[in-house]
Asks: 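This is the structure I want to talk about, given as structure tokens.
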2 protein chains.
Amino acid sequence: MISNKCKYAIKALVYIAGKEEEDRAILTADIAREQQIPRKFLEIILRELRNNRILESKRGKDGGFRLLRTAEDISLTEVMRIIDGPIAMLPCVSLNYYRKCDECEEESCEIKGVFEQVRDRTLDVLNGQTIKSLTLS
Amino acid sequence: MISNKCKYAIKALVYIAGKEEEDRAILTADIAREQQIPRKFLEIILRELRNNRILESKRGKDGGFRLLRTAEDISLTEVMRIIDGPIAMLPCVSLNYYRKCDECEEESCEIKGVFEQVRDRTLDVLNGQTIKSLTLS
DNA sequence: ATAAATACTATCAAATAGATAGGATTAATA
DNA sequence: TATTAATCCTATCTATTTGATAGTATTTAT
């Protein structure tokens with residue numbers, strides 16, 4: 001399962017992307033209200049996305065958040081990895097967060113192969129998606 | 001990610017399946033030693049699998065665990081769902097643990113479709129697998 | 001009886017999830 | 001320059017989950 005935090009992050013980005021034509025910074029409060037996301041929790045999420053160069057922020061009056069890149073240049077997997085970490089179901093098959101299992105040797109692991117397949121089929125779907133493609137659909 | 005607990009459960013079942021020909025109950029202690037799983041934690045896992053009619057147990061001397069069904073009749077997804085719950089990445093696309101999201105209407109949800117696809121591709125891989133198929137590979 | 005096994009109950013520590021509160025800082029503008 | 005409106009930051013909190021350990025009760029073969 002992805003976390004609520006991750007779901008909120010994706011929804012917030014899609015919301016911001018949908019307002020791009022308005023050419024102004026989007027308020028945390030507006031996103032929180034429209035997407036039913038707890039405001040203070042959303043603040044943390046948006047700041048994290050900014051720290052990871054997905055968003056840019058402007059402080060003070062007329063402040064808010066905007067996409068730092070175009071919506072089609074922000075992939076769904078990038079957002080998921082920033083917020084939740086690995087996408088794979090086992091650390092030892094993760095492409096971006098690989099960790100060896102403590103208890104087993106990978107050559108003889110009975111389940112590694114299956115979860116590599118799951119990872120690949122999952123990424124087949126997710127890699128094609130961007131904030132732009134989610135906004136359109 | 002699946003939990004360690006789930007990984008242990010799968011490995012324990014594969015181990016037990018591999019000893020089927022010996023026609024005797026398998027000891028928790030043997031599985032723990034061979035698969036490097038904490039013994040007391042494994043006890044809990046095996047009991048949970050027994051409570052869910054995957055294993056049968058025998059107490060006392062010469063006791064231990066055996067598969068309650070044949071290895072090819074125990075699917076990987078069944079074990080994963082018993083130990084970890086939903087396989088899907090969103091509650092609202094789970095086949096076995098469906099829950100509506102609090103904050104959004106499903107008709108207008110931008111991300112539901114993608115995660116339905118992920119679920120389907122994941123199950124394409126996992127549904128084909130059983131304790132038997134994992135034992136052979 | 002004894003030994004060897006699971007069953008059960010209770011507990012625990014650390015991490016993660018999911019927030020909330022309150023004040024500091026920045027920036028536009030009147 | 002005071003005001004207002006926004007993000008930024010730090011601290012904190014609760015509940016749940018994860019991953020486990022300890023100790024005792026019960027069962028069973030011999």
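Chain letters run A, B, ... following the sequence lines, proteins first and then strands; every chain starts at 1. The figures that follow rest on heavy atoms only: side chains count, while hydrogens, waters and symmetry mates do not.
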Asks: If you check the B:F41 side chain, which of C:dT6, D:dA20, D:dA6 turns out closest?
Replies: D:dA20
Asks: Side chain of B:S3, heavy atoms from C-beta onward: which of D:dG19, C:dA7, D:dC8 has the nearest atom to it?
Replies: D:dG19
Asks: In this structure, how many angstroms lie between the C1' atom of C:dA5 and the CD1 atom of B:I26, rounded?
Replies: 13 Å
Asks: Relative to the 5' end of DNA chain D, which residue comes earlier, B:L42 or B:D84, by the nucleotide with the nearest heavy atom?
Replies: B:D84
Asks: Quick check on salt bridge (Lys or Arg N to Asp or Glu O under 4.0 Å): which of B:K132, B:K11, B:K7 does A:E110 satisfy it with?
Replies: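 Of the listed residues B:K132, B:K11, B:K7, the salt bridge (Lys or Arg N to Asp or Glu O under 4.0 Å) partner of A:E110 is B:K11.
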Asks: Do NZ/NE/NH1/NH2 and the carboxylate oxygens of A:D30 and A:K19 come within less than 4.0 Å?
Replies: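 Salt bridge absent between A:D30 and A:K19.
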Asks: Taking the side chain as everything from C-beta on, heavy atoms only, tell me whether A:R119 gets closer than 4.5 Å to A:I87.
Replies: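 A:R119 does not reach A:I87 side chain to side chain.
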Asks: Taking the side chain of B:K58 as heavy atoms from C-beta outward, which of D:dA6, D:dA20, D:dA29 is closest to it?
Replies: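 Among D:dA6, D:dA20, D:dA29, the one nearest the side chain of B:K58 is D:dA29.
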Asks: Given atom CD1 of A:I83 and atom P of C:dG18, what is their separation to the nearest angstrom?
Replies: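 The answer, rounded to whole Å, is 12 Å.
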Asks: Using the side-chain heavy atoms of B:K61, tell me which of these nucleotides is nearest: D:dT21, C:dA7, D:dA29.
Replies: D:dA29
Asks: Residues of residues 13-20 of chain B with any non-hydrogen atom less than 4.0 angstrom from an atom of DNA chain C: list those, numerically ordered, please.
Replies: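 None - not one residue of the stretch has a heavy atom sitting under 4.0 Å from the strand.
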Asks: D:dA6 C1' sits how many Å from A:E56 CD, rounded?
Replies: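 In whole Å, D:dA6 C1' and A:E56 CD are 15 Å from each other.
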Asks: By the definition salt bridge (Lys or Arg N to Asp or Glu O under 4.0 Å), identify the one residue from A:E22, A:E20, A:E21 that meets it with A:R24.
Replies: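 The passing option is A:E22.
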Asks: Taking C-beta and beyond as the side chain, do B:L90 and B:Y98 meet within less than 4.5 Å on heavy atoms?
Replies: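 When only atoms from C-beta onward are counted, B:Y98 and B:L90 do not touch, as no gap falls below 4.5 Å.
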Asks: Rounded to whole Å, please give me the gap between CG in A:L49 and P in D:dC8.
Replies: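 Whole-Å distance recorded here is 12 Å.
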Asks: Identify the two heavy atoms, one from B:R53 and one from B:R69, that lie closest to each other, and give their separation to 0.1 Å.
Replies: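 Taking B:R53 first and B:R69 second, the nearest heavy atoms are O-NH2, 3.3 Å.
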Asks: What nucleotide among D:dT7, C:dT20, C:dT6 has an atom nearest to a side-chain atom of A:S57?
Replies: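 Nearest to the side chain of A:S57 among the choices is D:dT7.
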Asks: Taking atom types as they are modelled, would you say the side chain of B:R59 forms a donor-acceptor pair with the base of D:dT28 within the 3.5 Å cutoff?
Replies: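 Answer is no: no donor-acceptor pair is held.
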Asks: Could you work out which one of D:dT21, C:dC8, D:dT7 sits closest to the side chain of A:E43?
Replies: D:dT7
Asks: Just to confirm, is there a sub-4.0 Å distance from OP1 or OP2 of C:dA19 to any side-chain nitrogen or oxygen of A:Y8?
Replies: yes
Asks: Figure out the CD1/P separation between A:I44 and D:dC13, and round it to whole Å.
Replies: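 In whole Å, D:dC13 P and A:I44 CD1 are 15 Å from each other.
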Asks: Under 4.5 Å between side-chain heavy atoms, counting indirect links through other Ile/Leu/Val/Met/Phe/Trp/Tyr residues: same cluster for B:M1 and B:V125 or not?
Replies: no
Asks: Side chains of B:N52 and B:I82: closer than 4.5 Å at any heavy-atom pair?
Replies: yes
Asks: In whole angstrom, give the distance that lies between atom CD of A:Q36 and atom C1' of C:dG18.
Replies: 17 Å
Asks: Specify the separation, in whole Å, of atom CZ of A:F65 and atom P of C:dA27.
Replies: 14 Å
Asks: Base, sugar-phosphate, or nothing: which does B:L46 touch, judged by heavy atoms less than 4.0 Å apart?
Replies: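 No contact at all - B:L46 keeps every heavy atom at 4.0 Å or more from the nucleic acid.
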Asks: Given C:dT9, C:dG18, C:dG23, which nucleotide is nearest the side-chain atoms of A:N4?
Replies: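 Nearest nucleotide to the side chain: C:dG18.
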Asks: Checking contacts here: which listed nucleotide (D:dA20, D:dT7, D:dC9) is nearest the side-chain heavy atoms of A:K40?
Replies: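 Ranking D:dA20, D:dT7, D:dC9 by closest atom to the A:K40 side chain puts D:dC9 first.
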Asks: For D:dC9, take OP1 and OP2 only and decide whether either is under 4.0 Å from a side-chain N or O of A:R50.
Replies: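 For A:R50, the contact criterion (side-chain N or O under 4.0 Å from OP1 or OP2 of D:dC9) is met.
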Asks: Whole angstroms only, please: what is the CE-C1' distance between A:M1 and C:dT16?
Replies: 15 Å
Asks: Would one find a side-chain N or O of A:R39 under 4.0 angstrom from OP1 or OP2 of D:dA6?
Replies: no
